[in-house]
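The next block holds one structure in the form of structure tokens; read it before the comments.
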Amino acid sequence: MFDSGENMLSLPGSAISFQTVIPSQAPNPAVEEMSIEQQILNLQDTIVFLEKIWLEDPAIQQEIDAKDWQEFMDSVYQSLLEFQIDSIQLE
């Protein structure tokens, strides 16, 4: 589904970096083989992980502005909600 790009974005003064993600030509068969319910559960697990690292890692809290983090998490929650709504419509 996605190929990792060569470009890395680093926050100033930070060891945190984000890899550029570029859509690939071919779909990822591993994701396609997962049920929608499993994909939703995986996304929920990812959200729990993100919340945990934010709460438990002071370095992340210092490196990333709390407002930026909240906006990011809001977009992740919105994506989960949209995914859940789409999965219900498919049933």
Side-chain angles (χ1 to χ4, degrees):
M1 179 180 276
F2 293 104
D3 287 331
S4 298
E6 294 297 322
N7 299 330
M8 299 290 283
L9 171 66
S10 296
L11 297 173
S14 158
I16 301 170
S17 60
F18 300 92
Q19 193 164 7
T20 304
V21 177
I22 303 167
S24 71
Q25 298 294 330
N28 184 341
V31 173
E32 288 183 359
E33 292 176 9
M34 276 192 266
S35 69
I36 292 174
E37 292 82 11
Q38 185 60 46
Q39 292 177 48
I40 289 171
L41 290 173
N42 287 350
L43 183 53
Q44 290 171 335
D45 290 344
T46 300
I47 289 170
V48 169
F49 171 75
L50 290 169
E51 289 175 342
K52 183 177 179 177
I53 63 171
W54 174 257
L55 294 172
E56 295 179 1
D57 190 339
I60 290 177
Q61 293 175 16
Q62 290 177 353
E63 295 295 330
I64 302 172
D65 181 71
K67 183 181 176 198
D68 292 340
W69 182 263
Q70 187 60 53
E71 288 175 3
F72 166 72
M73 290 303 295
D74 288 346
S75 69
V76 173
Y77 282 117
Q78 184 63 37
S79 296
L80 175 61
L81 179 62
E82 290 170 5
F83 193 47
Q84 289 171 326
I85 289 169
D86 289 346
S87 72
I88 291 170
Q89 292 174 352
L90 291 175
E91 293 177 357

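Residues take their numbers from the sequence shown, with the count starting at 1.
To the nearest 0.5 Å, atom CD of residue E71 and atom CG of residue D68 are 6.0 Å apart. Interatomic distance, CG of L43 versus CD1 of I47, reported as 4.5 Å (0.5 Å rounding). Atom-to-atom distance recorded for D45:CG and I40:CD1 is 12.0 Å, nearest 0.5 angstrom.
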**Report entry** CA sep, side-chain torsions, deciding dist, call: Q84, Q44, side chain to side chain contact (heavy atoms under 4.5 Å, CB included)
**Finding:** CA-CA 11 Å; Q84 289 171 326; Q44 290 171 335; 3.4 Å; yes

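I36 and F83 make their closest contact through O-CE2, 4.1 Å (heavy atoms, listed as atom of the first residue, atom of the second, distance).
Side-chain contact annotation: Q61 with D57, donor-acceptor N/O pair under 3.5 Å absent.
A search for side chain to side chain donor-acceptor pair (under 3.5 Å) contacts involving E82 returns Q78, not counting sequence neighbours. In this structure, the ring pair (Phe, Tyr, Trp, His ring centres under 6.0 Å) partners of W54, at least two apart in sequence or on a different chain, are W69. The side chain to side chain donor-acceptor pair (under 3.5 Å) check on D74 picks up Q70, with sequence neighbours excluded.
Under a hydrophobic-cluster definition in which Ile, Leu, Val, Met, Phe, Trp and Tyr are linked whenever side-chain heavy atoms come within less than 4.5 Å, directly or via other members, V48 and M73 are assigned to different clusters.
Annotation: side chain of Q38 is in contact with side chain of L41 (closest heavy-atom distance under 4.5 Å).
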